[in-house]
Amino acid sequence: MIIFGASGHGKVIIDVIESTGNSVDFVIDDDVSVKELLEYKVDHSFNASMKNQPVIIAVGKNQTRKRIAERLENSISEALVHRSAMVSNSSFIDFGSVVMANASINSSATIGKHCIINTNSVVEHDSILSDFVHISPGAVITGNVKIGEGSHVGAGAIVIPGITIGKWVTIGAGAVIIEDIPDNAVVVGNPGRIIKFNTVENE
Ligand SMILES: CC(=O)SCCNC(=O)CCNC(=O)[C@H](O)C(C)(C)COP(=O)(O)OP(=O)(O)OC[C@H]1O[C@@H](n2cnc3c(N)ncnc32)[C@H](O)[C@@H]1OP(=O)(O)O
């Protein structure tokens with residue numbers, strides 16, 4: 001297994017991999033100033049011994065993870081799930097996604113590619129998350145919610161049942177979302193209110 005991205009998020013992914021009894025073979029980062037991640041030496045490019053190894057992208061920023069995914073398309077790992085996570089047999093998690101410790105993914109939920117379902121977060125029944133979504137620690141996505149590509153739900157936020165959240169939305173930490181949210185909106189507070197719109201630069 002190769003981790004691409006020697007970040008704090010990468011450290012947590014190491015825990016996910018080790019929790020399942022698997023091992024990390026290589027860590028790669030474009031930044032040549034980064035020499036190690038925990039006890040792992042960091043390489044700065046792919047070499048022949050890395051061929052055919054599955055890659056997981058350890059980059060928290062959704063837009064950047066998407067750019068890297070486009071580069072590494074053919075070698076991405078299947079979803080990684082921490083041993084302590086609860087994942088329903090009737091849910092579906094697409095490749096490149098990571099489910100952290102104690103997260104719950106309930107019945108008939110669908111998680112797209114390269115999503116992050118972070119520590120202690122909940123994705124309830126029948127919710128559908130598109131690719132590159134990040135659900136931060138402790139956030140709760142209740143039943144029948146839809147979340148568009150690249151959206152980020154902040155730590156501890158709550159989305160009530162049946163809500164549709166657009167693409168590349170940012171939900172602030174602790175927000176409570178009680179109505180549909182348009183693409184690119186940045187929403188904070190309880191009840192959630194739009195304070196601005198994301199551009200590619202500030203996502
Ligand atoms: C493992 C991990 O660490 S995963 C990472 C998890 N990360 C998060 O949960 C971070 C979520 N991000 C936030 O909550 C951020 O504050 C954001 C994205 C909503 C806004 O960030 P910025 O664009 O930098 O906005 P900024 O800090 O300038 O705040 C703008 C206004 O919104 C308010 N605001 C910002 N965040 C919040 C919030 N979470 N709840 C309520 N109000 C907020 C500010 O007080 C400010 O109000 P004012 O204009 O009246 O002074």
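Counting starts at 1 for both ligands and their atoms, following the listed order. This structure is a prediction, so every number in the text was calculated from the model and none was measured.
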Would a single hydrophobic cluster contain both [Y] and [X], if residues Ile, Leu, Val, Met, Phe, Trp and Tyr are joined by side-chain heavy-atom contacts under 4.5 Å?
| X | Y | result |
| --- | --- | --- |
| I111 | V99 | yes |
| F92 | V81 | no |
| L80 | V12 | yes |
| I177 | I147 | yes |
| L129 | I56 | no |

**Prompt:** So, H9 versus S7: side-chain donor-acceptor pair below 3.5 Å or not?
**Reply:**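 No, no side-chain donor-acceptor pair sits under 3.5 Å.
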So, [X] side chain and [Y] main chain: donor-acceptor pair closer than 3.5 Å or not?
| X | Y | value |
| --- | --- | --- |
| T170 | V186 | no |
| S108 | D126 | no |
| S127 | V145 | yes |

Could you find the nearest protein heavy atom to [atom] and give me its residue, atom name and distance?
| atom | value |
| --- | --- |
| atom 41 (C) of ligand 1 | V188 CB, 3.7 Å |
| atom 14 (O) of ligand 1 | A173 N, 2.9 Å |
| atom 9 (O) of ligand 1 | A155 N, 2.7 Å |
| atom 23 (O) of ligand 1 | K196 NZ, 2.5 Å |
| atom 6 (C) of ligand 1 | S136 OG, 3.3 Å |
| atom 7 (N) of ligand 1 | H152 CE1, 3.8 Å |
| atom 29 (O) of ligand 1 | I195 CD1, 4.7 Å |
| atom 20 (C) of ligand 1 | V186 CG1, 4.6 Å |

**Request:** Return a yes/no value for P137: is any of its N or O atoms, backbone included, closer than 3.5 angstrom to an N or O of ligand 1?
**Result:**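 No: no nitrogen or oxygen of P137 is under 3.5 Å from one in ligand 1.
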**Prompt:** Relative to the heavy atoms of G154, which atoms of ligand 1 are at a distance of less than 4.0 Å?
**Reply:**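 With G154 as reference, the close atoms of ligand 1 come out as 9 (O).
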**Item:** T170 neighbourhood, listing ligand 1 atoms whose heavy-atom distance to it stays under 4.0 Å
**Value:**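 Counting from 1, the qualifying ligand atoms are 18 (C).
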Short check: is a protein heavy atom less than 4.0 Å from [atom]?
| atom | result |
| --- | --- |
| atom 27 (O) of ligand 1 | no |
| atom 17 (C) of ligand 1 | no |
| atom 46 (C) of ligand 1 | no |
| atom 32 (O) of ligand 1 | yes |
| atom 37 (C) of ligand 1 | yes |
| atom 50 (O) of ligand 1 | no |
| atom 4 (S) of ligand 1 | yes |

**Prompt:** Relative to the ring of H114, is the ring of F95 parallel (under 30°), tilted (30 to 60°) or perpendicular (over 60°)?
**Reply:**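 Correct class here is perpendicular.
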**Message:** Among L38, I3, V27, exactly one meets side chain to side chain contact (heavy atoms under 4.5 Å, CB included) together with K11. Which residue is that?
**Reply:**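 Testing K11 for a side chain to side chain contact (heavy atoms under 4.5 Å, CB included) against L38, I3, V27 leaves exactly one candidate, L38.
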**Item:** Atom of P182, atom of V169 and distance for their closest heavy-atom approach
**Value:**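 Looking at all heavy atoms of both residues, the shortest contact is O-CG2, 3.2 Å.
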**Message:** Using a 4.0 Å heavy-atom cut-off, which part of H9 comes near ligand 1: side chain, backbone, both, or neither?
**Reply:**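 For H9, there is no contact with ligand 1 at all, from either part.
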